[in-house]
Amino acid sequence: MTKIFNDPADFADEALAGFCDLHSGLVRQVPGGAVRRHRPEQPKVAVLAGGGSGHYPAFAGLIGAGFADGAVVGNIFTSPSAQQAYSVAKAADSGAGVVFTYGNYAGDVLNFGMASERLAAEGIAVENVLVTDDIASAPPSESAKRRGIAGDFTVFKVMGAAAEAGVGLADVVRLGRKANSLTRTIGSAFHGCTFPGAEAPLFTLKDKQMGLGLGIHGEPGLFDTDLPPAKELGQELVARLLAETPHGAGNRIAVILNGLGSTKHEELFVLWLTVAPLLRAAGYILVLPEVGELVTSLDMSGVSLTITWLDEELEPLWTAPAETPAYRRGNAALAGGLFAEEAYDGGPVATEFAATLDSRNYAANCATALEAARKALHDAESHLGDMDAVAGDGDHGRGMVRGIDAASAAAAKALADGAGAGDMLAAAGDAWADKAGGTSGVLWGAGLRAFGESLGNDEAPEPAELAAAVTAFAARITDLGKAEIGDKTMVDALLPFAETFSKRVSEGVLPDVAWAEAAAAATSAAQATASLRPLKGRARPLAEKSVGTADPGATSLAMIFTVMGPHLVSAGKVAA
């Protein structure tokens with residue numbers, strides 16, 4: 001259990017600040033994460049690793065010569081926001097382009113993708129390399145759907161070494177994707193991890209059992225089985241990986257035996273005593289293997305085994321020198337001058353608002369609606385987290401609270417600065433996406449911005465205009481997330497709400513009545529997701545465990561729309 005913390009909500013931010021202070025000779029903190037303290041003598045590709053906190057030394061611990069140029073750091077087990085990714089990229093770019101590399105999680109894909117679009121629009125060459133090494137999360141026929149776990153380390157190392165050698169952006173990306181295609185990982189958990197301030201771990205196992213096929217975000221394994229002796233565990237892990245040997249692979253391999261947070265090194269050494277002979281007996285030459293904590297999951301007790309099949313291109317990059325706060329191999333010389341401390345970080349600029357009095361009055365209603373949502377989400381935080389922990393990482397409640405707190409604060413500031421409803425909701429959405437992170441964070445942020453853009457800043461909305469704004473909210477979320485009804489996501493509650501509200505308004509029903517009916521439809525639809533198997537998101541690999549529990553995203557959406565409704569419709573005019 002994590003015992004050293006102040007406010008649990010500040011744990012990730014304080015941990016990053018402490019890390020950057022301790023290792024100030026190698027790294028510099030910037031909004032959204034950290035970058036190298038030393039700038040390259042010549043422009044080079046900036047390799048930017050990223051993801052949620054809780055995985056140290058991934059991701060910030062890998063910043064340094066021969067490895068990453070920066071790390072984009074989200075909250076615990078939560079993807080960073082697009083703004084965070086943009087800020088770190090702007091600070092790390094030295095003129096040769098940037099490449100984001102991260103595990104294949106929906107929130108990361110959305111946020112890094114949006115940051116990439118913004119950077120590209122500014123003329124910065126940018127690419128993304130996803131890691132998909134976890135063989136337990138999808139079958140070989142669907143390998144593109146697999147999540148990234150400890151294979152992150154190998155892929156990041158290959159890309160960092162290539163960039164350090166002066167390789168161009170296209171080849172850094174090609175080599176990273178090649179390394180990913182030749183990397184396989186399988187993990188096992190013995191005990192779940194516990195969030196700072198939480199009273200219980202995200203999952204538990206019966207005595208003398210283990211969960212095989214775990215992720216690195218506190219998810220339980222795909223199935224529980226008896227905990228075997230070390231020899232049998234080693235045999236199981238090796239057999240599962242070798243069963244997925246890539247076609248045409250050679251006999252030289254990089255191997256990582258990774259502890260997940262509270263498994264002792266001595267235990268890993270015992271397991272290595274089985275793993276290494278089995279691999280050698282299978283005809284493999286082990287090239288600079290690593291045993292230790294490289295990609296962790298807070299205080300989880302568990303282990304993962306990663307194999308990367310090397311070739312004449314990848315092996316020199318795997319063995320190349322590196323020097324970071326958490327990892328050193330060989331002698332990596334640090335060259336160049338310091339980053340300018342005043343480097344642009346992509347932060348917000350001052351905004352002047354123009355709006356009518358009617359729109360500003362309606363903006364006050366919207367701010368009250370957000371405050372009602374804030375209270376409801378704080379009250380439900382623990383419950384939403386428990387729902388999410390059944391088949392996910394348990395962070396939904398905390399992520400929603402972080403999002404609504406930021407949105408409510410941004411809305412209040414925009415309102416005080418004279419914003420109309422449209423600009424105020426757009427500011428709230430941007431803040432939600434920036435501070436919440438994760439899939440739900442970027443979707444709620446984009447949805448609120450679309451809602452505000454639809455309303456505009458000229459007048460309080462007519463019922464039809466309010467319905468159009470709800471439709472815009474729903475369209476933006478479905479366009480970004482690509483989810484449909486039945487996928488067991490927030491969309492299962494969102495679309496029934498939007499369709500019901502629009503239909504009833506078009507029939508001339510009073511907006512408050514129409515909203516109440518729509519909220520009831522959303523609540524019913526959210527409850528009905530308990531019978532579904534998730535087809536998207538982090539719960540998908542643990543689909544069977546999810547059956548019987550409603551989707552937390554659909555549940556929180558229905559809750560928010562229910563409490564916001566009375567305030568959003570109170571300024572609407574009666575339909576003719």
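Judged by distance alone, the side chain of D134 and the main-chain N or O of I186 form no donor-acceptor pair under 3.5 Å. Remark: side-chain polar atoms of S116 are paired, donor with acceptor, to backbone N or O of F112 under 3.5 angstrom. The backbone N or O of P139 sits nowhere less than 3.5 Å from a side-chain atom of K145 that would complete a donor-acceptor pair. When atom types are taken as modelled, the side chain of H55 and the backbone of T296 share a donor-acceptor pair closer than 3.5 angstrom. The closest donor-acceptor contact from the side chain of T78 to the backbone of G52 lies at 3.5 Å or more, if one exists at all. For T263 (side chain) and G259 (main-chain N/O), no donor-acceptor pair under 3.5 Å exists by modelled atom type. Of the possible donor and acceptor atoms, one in the side chain of K157 sits under 3.5 Å from a partner among the backbone N and O of A320. With W318 contributing its side chain and V287 its backbone, the two residues share a donor-acceptor pair below 3.5 Å. In this structure, K208 contributes its side chain and D226 its backbone to no donor-acceptor pair below 3.5 Å. Between the side chain of S262 and the backbone N or O of D299, at least one donor-acceptor pair lies under 3.5 Å.
Closest non-hydrogen pair, H265 versus V291, comes out as CD2-O, 4.4 Å. The nearest pair of heavy atoms linking P325 to V27 is CG-CG1, 4.1 Å. Minimum heavy-atom separation, L48 to A89: CD1-CA, 3.5 Å. A pairwise comparison of heavy atoms in D551 and T489 identifies OD2-C, 3.3 Å as the closest pair. What you find for S79 and T439 is that their closest heavy atoms are OG-N, 4.2 Å. Contact between A230 and V270 at its shortest, heavy atoms only, is CB-CG1, 3.9 Å.
Interatomic distance, L26 CG to R28 CZ, rounded to the nearest 0.5 Å: 14.0 Å. Taking CE of M210 as the start and CG of D224 as the end, the distance is 9.5 Å to the nearest 0.5 Å. For the atom pair CD1 (I124) and OH (Y86), the distance works out to 6.5 Å, reported to the nearest 0.5 Å. Taken from OG in S24 to CD in Q29, the straight-line distance is 11.5 Å, to the nearest 0.5 Å. Between L119 atom CG and D93 atom CG the span is 8.0 Å, to the nearest 0.5 Å. D7 contributes atom CG, which lies 9.5 Å from atom CZ of F5 (distance to the nearest 0.5 angstrom).
Comment: E290 engages R329 in a salt bridge, judged by a side-chain N to carboxylate O separation of less than 4.0 angstrom. Ion pairing between a basic and an acidic side chain is recognised when a charged N comes within 4.0 Å of a carboxylate O; R240 and E244 show no such pairing. A salt bridge does not link D395 with R398: every distance from a Lys NZ or Arg NE/NH1/NH2 to an Asp or Glu carboxylate oxygen is 4.0 Å or more. Salt bridge status for R36 with E164: present, with a side-chain N to carboxylate O gap under 4.0 Å. Ion pair R147/D133 not flagged as a salt bridge, since none of the NZ, NE, NH1 or NH2 atoms sits closer than 4.0 Å to an Asp/Glu carboxylate oxygen. Salt-bridge formation is not detected for the pair E293/K264: no Lys NZ or Arg NE/NH1/NH2 atom is positioned less than 4.0 Å from an Asp or Glu carboxylate oxygen.
Residues K435 and S81 bring no donor and acceptor atom of their side chains to less than 3.5 Å of each other.
At a threshold of 4.5 Å between non-hydrogen side-chain atoms, the residues L202 and T194 do not count as touching. R184 has its side chain out of reach of T306: every pair of non-hydrogen atoms, C-beta onward, lies at least 4.5 Å apart. Between V99 and L169 the shortest side-chain heavy-atom distance falls below 4.5 Å. Counting heavy atoms from C-beta on, the side chains of L298 and I76 come closer than 4.5 Å. Within the 4.5 Å cutoff, no side-chain heavy atoms of Q84 are placed close to those of V73. Two residues are said to be in side-chain contact when any heavy atoms from C-beta on lie closer than 4.5 Å; L62 and F153 meet this criterion. Inter-residue side-chain proximity for V47 and T101 is flagged as met; some heavy-atom pair is nearer than 4.5 Å. Inter-residue side-chain proximity for N111 and Y105 is flagged as unmet; no heavy-atom pair is nearer than 4.5 Å.
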Exercise for review: Would you check, one step at a time, whether the test side chain to side chain contact (heavy atoms under 4.5 Å, CB included) holds for K488 with L535?
Suggested key: CA-CA 7 Å; K488 195 164 187 174; L535 300 180; over 6 Å; no
Review point. How far apart are the C-alpha atoms of L271 and V275, what are their side-chain angles, what is the distance that settles it, and do they pass the side chain to side chain contact (heavy atoms under 4.5 Å, CB included) test?
Key: CA-CA 6 Å; L271 187 57; V275 168; 4.2 Å; yes
Practice item. Take K482 and D487 through the salt bridge (charged side-chain N to carboxylate O under 4.0 Å, His left out) test and state the conclusion after the steps. Key: CA-CA 10 Å; K482 309 300 182 187; D487 286 346; over 6 Å; no
Exercise for review: List the steps and the verdict of side chain to side chain contact (heavy atoms under 4.5 Å, CB included) for R37 and H23.
Suggested key: CA-CA 9 Å; R37 170 65 67 181; H23 297 291; over 6 Å; no
Practice item. Verify side chain to side chain donor-acceptor pair (under 3.5 Å) between N128 and Y102, making sure each step is shown before the conclusion. Key: CA-CA 8 Å; N128 287 250; Y102 48 90; 2.9 Å; yes
Review point. When you look at S546 and R533, which way does the side chain to side chain contact (heavy atoms under 4.5 Å, CB included) test go after all the steps?
Key: CA-CA 7 Å; S546 172; R533 297 175 73 256; over 6 Å; no
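For residues 245-258, the set of pairs meeting the side chain to side chain donor-acceptor pair (under 3.5 Å) definition, not counting sequence neighbours, comprises R252-E315, N258-S304.
Annotation: Y56 is in aromatic contact with F19 [ring centroid separation under 6.0 Å]. Aromatic ring centres of H191 and F203: separated by at least 6.0 Å.
Annotation for R174: atom CZ counts as buried by contact number, over 12 foreign heavy atoms lying within 6.0 Å. Within 6.0 Å of the CD atom in E14, the count of heavy atoms belonging to other residues, nucleotides or ligands exceeds 12.
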